[in-house]
Amino acid sequence: MKLYCLSGHPTLPCNVLKFKSTTIMLDCGLDTTSVLNFLPLPLVHSPRLSKLPSWVSKDGTINLEKELKECAGRVFVDSQPEFCLPEKELLDLSTIDVILISNYHCMMALPYITEHTGFTGTVYATEPTLTIGRLFMEELVNFMERVPKAQSATCWKNKEIQRMLPGPLKDAVDVYTWKRSYSMQEVNSALSKVQLVGYSQKVELFGAVQVSPLSSGYSLGSSNWIIQSHHEKVSYVSGSSLLTTHPQPMDQSSLKNSDVLILTGLTQMPTANPDGMLGEFCSNLAMTIRAGGNVLVPCYSSGVIYDLLECLYQFIDSANLGTTPFYFISPVANSSLEFSQIFAEWLCHNKQSKVYLPEPPFPHAELIQTNKLKHYPSIHGDFSSEFRQPCVVFTGHPSLRFGDVVHFMELWGKSSLNTIIFTEPDFSYLDALAPYQPLAMKCVYCPIDTRLNFHQVSKLLKEVQPLHVVCPEQYTQPPLTQSHRSDLMLELQPPPMPYRRCSVLNLPFRRSYERVYIMPELANSLVPSEIKPGVSLATVSAVLHSKDNKHTLQSVPKPPPAPPSKKRKRVLDEPPLVLAPKPLLSGAVPLEAFLATLQKQGITEVKVEETADGHILHLQAEDTLIQLEEDGTHIVCDNNEPLRTTLRDLVLRFLQKL
Amino acid sequence: MDRECVSLLPGVCEVLADPGTSLPDDTSLEKLLDWFTGLIEAGGSLLEACPCLLEFISTVVHNTASDPGVLSFTLRLTGLVSATEDGFKMLQERSVLNEVFNLKHWQEAGLWEDPCLRIGWIQGLRSMLQHPEALSFFVQSAFLDPLLQLQTDTSLFVASAANQMLAHVLLFFQPVSSPGCNGVDKKAEDDGRTHTSAEYTAVVTSISQYLKESLVPKENTKHHQSLQILKLLALLLAKAGPPLRDKLLQTVGDSLEELVTAGGSELTLPLMDVVLAAYSSGTDERVTRLLASMLNINKPADLIHAAAAFLRRGRCDAVHTARAVRVLLLPLDVITGQSLLGTNTTADAHQVSVVEQLKSKTPCISMICVCLTNTPQIALTPSGVLPCPPVLIITAVLSLLSICSGVSSSSSTGSSEVYRNVIGNGKVQKCALEALTALSSSPGAMEKISEVFTVLIQYLDNPDSDPTVLHKSYQALLKWTSVCTDFSLVTDHLRHDLIEVVKKRVCDMRWEVRDSTVEFLGHLTGVRVSLKSVEVCDSSDVLLGVCSTTPLLKEALQDSESYVRASAIAALAKTLTHSWQQGAALTQEETEIVSRLLEILSQDTEGFPRRAVVQYFISWYSSNSSHLPLSSSGSSASLLMQCVRSVLSQGSADLDWEVKVHTLELAELLLDETFSAHQGYRKGSDAHRAPSHPYGVVSEQAHTLHTHAGTHTEGTESDLATVVEQGVMSALLSGLVDCDRPVALKACRLLITLRETVCTLSLGTLDATASMATVSCKLPGLGWGKEIIKILRLKRSDRAREADIAAQRNLSDADEGGESVSVCEALRLLGLDERLDVLTQSSDHIHNSPLSLLQDILTASAAHTQPGEEVIVDCY
């Protein structure tokens with residue numbers, strides 16, 4: 001069993017598990033942090049961004065005038081943003097049989113994998129994962145396509161040139177694998193390969209293994225996966241949460257008794273407690289509005305935003321924000337808000353029960369109804385006529401490189417009354433803000449990451465007790481910036497097996513059993529004999545039939561009655577045919593009793609020598625050796641067949657025959 | 001004793017003696033005993049007053065079918081009666097005592113199993129043992145052994161009572177001449193001292209022998225007995241005079257030493273109590289040795305508790321204090337890496353085991369909390385005893401706080417394995433913050449102020465701090481601000497951070513946090529600090545800038561939580577007090593605040609903010625009147641008077657009785673202000689403070705008014721008119737007929753004061769009185785006005801002897817339009833003095849009287865004997 005690790009990002013994993021002749025891809029996360037190296041894509045013409053000076057190396061030798069621009073003391077690539085794909089060279093992606101998706105954040109690389117690689121398999125995901133995943137992809141494509149950039153920068157990726165570049169660009173890895181966004185057509189094609197599954201539904205893969213998704217509590221439809229055969233069980237734990245937010249709670253007990261547990265998607269912010277951050281979010285928001293400023297919340301169009309809106313729903317009145325407008329701007333805003341209300345069966349119990357009242361499970365319905373929350377596909381159109389300040393705007397993309405958020409950064413960045421509140425943990429806020437510096441706007445960083453923290457995960461692992469744990473190497477040491485926090489790492493016995501991008505791990509368990517079925521008529525013909533109380537044995541002669549990874553024992557077909565014409569050959573065939581199977585022997589030869597028997601046979605001069613495995617009896621007069629070992633007995637006597645036979649029979653007397 | 005009670009008592013005794021009757025509730029026997037105890041304490045003889053009790057006791061004792069509760073009562077009653085020598089003799093003559101306390105009798109009747117009876121036996125004996133004869137009886141009846149057995153009774157109450165009793169026997173009868181002995185009755189001095197001494201000595205000998213034998217547990221499981229004995233020893237040693245103390249120590253000393261050496265964890269603290277009790281009543285070599293070994297026991301957790309107990313006693317002894325201090329500082333030293341113990345840590349052999357203990361969570365937290373709690377006291381110990389400068393302790397606490405919040409610097413050399421136990425731990429954080437607050441007064445604290453502010457602001461900013469931690473951080477910040485002498489140490493940067501964090505916290509999601517923040521803002525303005533440049537000013541001005549507090553508080557007036565609104569109002573009052581006192585001109589902001597406050601008073605659904613509003617005006621009025629005569633036409637004063645009028649009318653019509661009481665306090669201030677110059681006016685605050693009612697509202701500050709110099713009587717009429725015009729009279733009259741007793745009481749007292757000032761009917765001032773009569777006030781025809789009119793008419797008609805009922809009815813159905821009455825007439829006619837008498841009595845005075853108790857018992861039994869008629873007795 002092998003694990004190929006195609007992504008080094010612990011929360012955006014992409015691993016391939018080879019298990020019993022199946023090749024299973026676990027998630028295909030797209031590392032979008034690469035976009036931080038690119039210039040923002042302004043939705044409205046920005047004089048500032050359009051007049052940036054080109055970057056020229058100090059000695060003037062490198063001049064990528066068209067590709068690199070200097071902005072706020074850093075160098076950015078002036079091109080459509082590109083993403084860091086999972087590793088494609090480590091194994092042939094066309095051999096992948098299935099892809100299991102655990103949540104909508106971890107499927108953004110799907111079109112890159114399923115299209116143009118020869119992939120012919122199936123993708124399994126839950127319904128909300130597919131729906132919201134599609135929204136995310138649509139949004140991404142929309143963000144890119146509505147601000148088309150003709151040129152694509154490639155020269156800077158030249159290794160020689162990249163080495164000379166300053167700052168973070170120089171240290172960017174695998175820049176050659178970076179790719180532009182996919183098209184809507186590719187998205188549709190990729191998503192057409194998805195087959196929907198429900199929690200605990202069992203899906204057979206080629207008869208060899210069974211896969212089944214479990215609720216992971218992190219987002220709508222998010223799942224962990226169990227991959228098992230009759231005798232082995234592998235658990236794949238991706239983004240999971242034990243907090244009480246909107247999704248169905250995590251199913252922990254089904255993870256028990258795993259041979260291997262692959263652990264990914266822990267919180268990216270182990271020191272930021274989500275409750276505290278939510279409080280921080282609310283108080284900073286209220287503080288800014290009270291002072292007459294605007295609040296910008298760069299966020300994804302699904303997920304934490306539901307919880308933020310729910311929290312604000314309760315907070316608005318107590319903080320006297322009743323009249324402040326809240327705007328949610330995204331090409332998929334409407335779909336996201338509406339879909340969230342219809343996935344009742346995937347929601348936590350509390351919200352599920354609301355549906356029977358009947359009430360919308362999320363309170364944002366009421367916010368919309370009372371006109372406190374308004375949503376728009378983009379800043380163009382209706383929004384511009386309704387826009388009122390001071391206000392709160394939720395919009396994407398959290399990287400601040402594309403999407404409507406870019407416009408608000410240009411609009412509000414210059415006033416210290418305004419605040420930008422980062423709630424998504426995926427991007428470093430300082431890097432995200434780099435092209436907007438100098439910035440007068442107040443910045444608040446309250447990343448809300450509800451995924452498991454180290455304390456919760458060690459408790460979970462103590463409960464489910466997997467034999468082996470595999471995890472990204474980042475989890476096996478304290479965070480770089482907080483080396484004294486030994487509580488922020490996984491400490492297990494045996495220690496977890498770390499992986500990084502491009503690792504190939506041999507998972508540490510040997511498959512020792514396989515299930516074989518026995519046909520009824522064959523079973524009927526068996527004559528078991530009890531060798532010790534409760535244990536019976538029988539010998540079987542049968543034909544092993546293997547098909548679709550299922551093994552069956554069938555009766556040996558009766559030899560066709562020998563045609564008389566073959567009589568001549570009979571002499572040749574006879575020995576194998578008449579050779580009845582010899583009885584199987586079991587038991588041990590007791591030394592004392594055996595010696596006594598030898599004596600009765602007149603063999604008296606026996607020298608017994610003790611060896612590591614048993615005894616060697618030297619019959620001195622006969623010049624013969626008998627080696628009695630745990631799993632074999634040898635009689636060594638030269639040219640005295642009668643004696644050998646006698647001795648053999650004596651030995652057989654002490655053994656059980658089957 | 002009340003004659004009526006005496007006549008009822010025989011009946012009650014009969015009822016109690018009858019096994020079949022039931023009692024009104026299970027507290028009635030206790031109440032009866034309390035009553036009897038009160039009678040004896042008042043110096044009466046119970047048997048003389050109620051001879052029926054003797055009969056009762058002998059009847060009950062012979063009837064084993066009685067309820068165990070009644071039997072227990074009887075035992076205790078017997079003890080009470082025989083507490084006096086006369087009573088004792090009388091019972092002895094009737095040979096009742098032997099029967100009552102006869103153990104065998106109870107055991108044979110199978111009643112001894114009931115803990116209720118055992119406790120009655122012990123308490124009865126304890127009450128009796130007040131004179132030598134009783135001791136003789138006790139010794140001759142051989143009660144000591146059973147009592148010692150009861151010391152380890154299965155019932156904790158019985159065991160504890162037995163312990164108390166043993167202590168009583170030893171302490172009460174110890175020779176009186178010895179200095180330092182307590183609790184000896186004067187009577188015991190005159191008679192029988194020599195007589196009892198032999199018996200007493202025997203008792204002492206057998207008890208101490210018992211203590212010696214049973215102190216060390218025989219098996220590991222029998223800790224219970226040792227524990228009880230240790231408790232008894234601690235009781236005895238704390239109060240025993242030298243002979244008894246010496247005798248006890250001499251007997252049990254070896255056993256104590258054995259116990260200390262054995263070092264049983266459960267016994268450490270009680271053992272330490274014993275050693276410390278012995279240590280504080282005198283030092284000898286053995287006690288010192290015991291103490292030294294207690295401070296050297298091998299289990300770190302126990303050791304820390306022992307050291308803390310020693311330090312708490314506060315008896316200075318350089319050697320042991322130094323040792324205890326080292327023990328207590330060690331865990332802090334280990335975690336923070338601050339070398340609190342100097343470089344010579346090898347002396348602490350148990351450091352390794354301390355480090356081991358700290359690695360597991362529960363002991364770690366408990367140990368650190370004990371250390372932290374004691375740090376303030378440690379910092380105050382003399383420098384010769386302290387292993388480090390006191391400032392270093394502050395540094396260590398600050399460092400621990402940083403570790404707890406997860407931001408500890410990497411330079412810290414403390415054990416990282418211990419970190420994980422304390423990171424984010426609220427209990428340690430709270431303890432450390434409390435310690436830090438107390439450490440502000442330790443020597444050299446000032447040099448740390450900048451670091452303290454940094455850590456506290458970081459705590460206030462931390463999103464994970466829970467509301468109590470934030471509250472404690474605010475308290476610490478206030479304390480350190482109040483002791484700060486040089487604000488140049490608090491950098492602008494820190495001030496900016498503080499402003500930001502406070503602004504953030506007033507918007508917090510949790511109302512507790514908003515409340516603490518608002519409270520903090522109020523307290524901060526109350527802390528007056530002196531600066532080098534400016535003489536005196538608000539610390540809030542120094543720290544938060546002049547203009548940031550009020551807008552934040554104003555915003556908080558809109559808060560959704562009533563507590564926060566109330567705190568904001570109180571904080572605003574504190575913030576503005578200074579400008580009121582200086583008579584500063586009214587700002588636009590203040591005007592807005594005032595109108596918002598009046599809005600709250602009239603519309604807020606919760607009581608707290610409305611109470612706070614009235615108090616706001618009380619403090620405004622009392623600060624303002626010191627500078628401006630109310631007649632002055634300053635805008636501030638005229639707004640104030642305008643508000644006072646509406647506060648009086650709205651406040652007295654409020655539904656919340658506390659609002660009404662506060663409103664009356666405001667009225668009182670107005671009266672004080674108006675009439676303080678008049679002869680015969682007693683300020684309300686002087687006159688009525690005395691008996692404070694248990695439920696009464698205690699006003700937060702005593703408002704004192706500056707009074708005009710000189711006395712004059714000629715203006716009384718116009719003053720009265722002013723008061724009436726301001727609405728004081730209406731407030732007082734409506735309060736008088738209020739259904740809430742504290743309100744009515746307060747109003748009544750104020751009205752009496754007013755009557756005594758303005759309506760003195762002496763011949764010399766007849767003219768004045770006559771003119772006074774012209775001042776009248778209008779009564780509304782509804783509500784309280786109607787009620788006052790009714791009272792007044794009734795009184796008038798009484799006076800006119802027109803007792804015609806029909807006429808009265810006509811009067812009471814009078815016009816709804818209200819009427820005007822002369823103030824003086826009203827004051828005289830309302831019967832204020834009778835009302836005051838009624839109101840001063842506690843509302844349950846009727847139900848609590850012994851008479852009602854006896855009646856209840858009789859009624860309950862009557863109900864019991866007549867089935868079908870159910871009497872429900874209210875139990876409050």
Side-chain angles (χ1 to χ4, degrees), chain A residues 269-293 295 308 310-324 416 419 421 423 442-448 453-455 458 478-489 491, chain B residues 337 359 361 402-403 405-426 460-467 469-470 499-515 517 548 551-552 554-565:
Chain A
M269 295 289 144
T271 53
N273 161 30
D275 282 335
M277 289 297 135
L278 209 56
E280 199 75 354
F281 171 80
C282 286
S283 38
N284 278 295
L285 186 141
M287 192 163 101
T288 309
I289 298 289
R290 281 184 187 184
V295 177
L308 288 181
E310 180 155 4
C311 180
L312 282 175
Y313 170 79
Q314 292 158 356
F315 182 64
I316 284 175
D317 289 326
S318 73
N320 301 312
L321 300 176
T323 55
T324 313
S416 61
T419 306
I421 309 181
T423 56
K442 217 180 127 199
C443 300
V444 178
Y445 187 52
C446 29
I448 298 173
N453 62 32
F454 286 96
H455 177 70
S458 21
L480 284 178
T481 48
Q482 286 161 302
S483 49
H484 66 283
R485 297 289 298 262
S486 58
D487 55 329
L488 303 182
M489 58 181 278
E491 272 183 312
Chain B
K359 283 179 185 169
K361 190 151 185 163
S402 299
I403 292 170
S405 63
V407 295
S408 84
S409 58
S410 51
S411 67
S412 165
T413 51
S415 164
S416 69
E417 274 179 85
V418 186
Y419 282 179
R420 69 172 63 186
N421 292 332
V422 296
I423 287 177
N425 187 292
L460 290 174
D461 193 35
N462 191 337
D464 293 335
S465 296
D466 75 36
V469 168
L470 288 172
I499 293 174
E500 285 302 304
V501 84
V502 167
K503 276 187 186 166
K504 184 176 85 178
R505 288 299 177 196
V506 288
C507 301
D508 202 277
M509 280 172 83
R510 300 159 288 184
W511 71 264
E512 299 95 321
V513 177
R514 298 199 296 274
D515 195 44
T517 311
S548 36
L552 292 178
K554 216 176 116 191
E555 191 79 44
L557 291 180
Q558 315 278 348
D559 201 282
S560 57
E561 179 62 46
S562 62
Y563 297 117
V564 182
R565 293 196 295 277

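Naming convention: chains lettered A, B, ... in sequence-line order (proteins, then strands); numbering from 1 in each chain.
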With a 4.5 Å limit on heavy-atom distance, are the side chains of Lys504(B) and Glu280(A) in contact? yes
Do other residues, nucleotides or ligands put more than 12 heavy atoms under 6.0 Å from the OH atom of Tyr445(A)? yes
Heavy-atom contact with chain B under 4.5 Å, split by part of Cys446(A): neither
Under a 4.5 Å heavy-atom cut-off, does chain B meet the side chain of Gln314(A), its backbone, both or neither? neither
To the closest 0.5 Å, what do you measure between [atom1] ([X]) and [atom2] ([Y])?
X         : Y         : atom1 : atom2 : result
Met287(A) : Asp508(B) : CE    : CG    : 11.5 Å
Arg510(B) : Ser283(A) : CZ    : OG    : 8.0 Å
Phe315(A) : Ser560(B) : CZ    : OG    : 9.0 Å
Ile423(B) : His455(A) : CD1   : NE2   : 12.5 Å

Answer key: most heavy-atom pairs under 4.5 Å with chain B among Leu285(A), Leu488(A), Asn320(A) is Asn320(A)
Taking distance alone, no hydrogens or angles, what donor-acceptor pairs closer than 3.5 Å link side-chain atoms of residues 269-278 of chain A to residues at least two apart or in another chain?
from	atom 1	to	atom 2	distance (Å)
Asn273(A)	OD1	Asp275(A)	N	3.3
Asn273(A)	ND2	Asp464(B)	OD1	3.3

Is it the backbone or the side chain of Asp461(B) that comes under 4.5 Å from a heavy atom of chain A, or both, or neither? both
Considering non-hydrogen atoms only, spot the tightest contact between Arg420(B) and Glu491(A) and give its length. NH2-OE1, 3.2 Å
Identify the two heavy atoms, one from Cys311(A) and one from Met509(B), that lie closest to each other, and give their separation to 0.1 Å. SG-CE, 3.3 Å
Residues at least two apart in sequence or cross-chain that pass side-chain hydrogen bond (donor to acceptor under 3.5 Å, both in side chains) with Asn284(A), listed by chain then number, are none
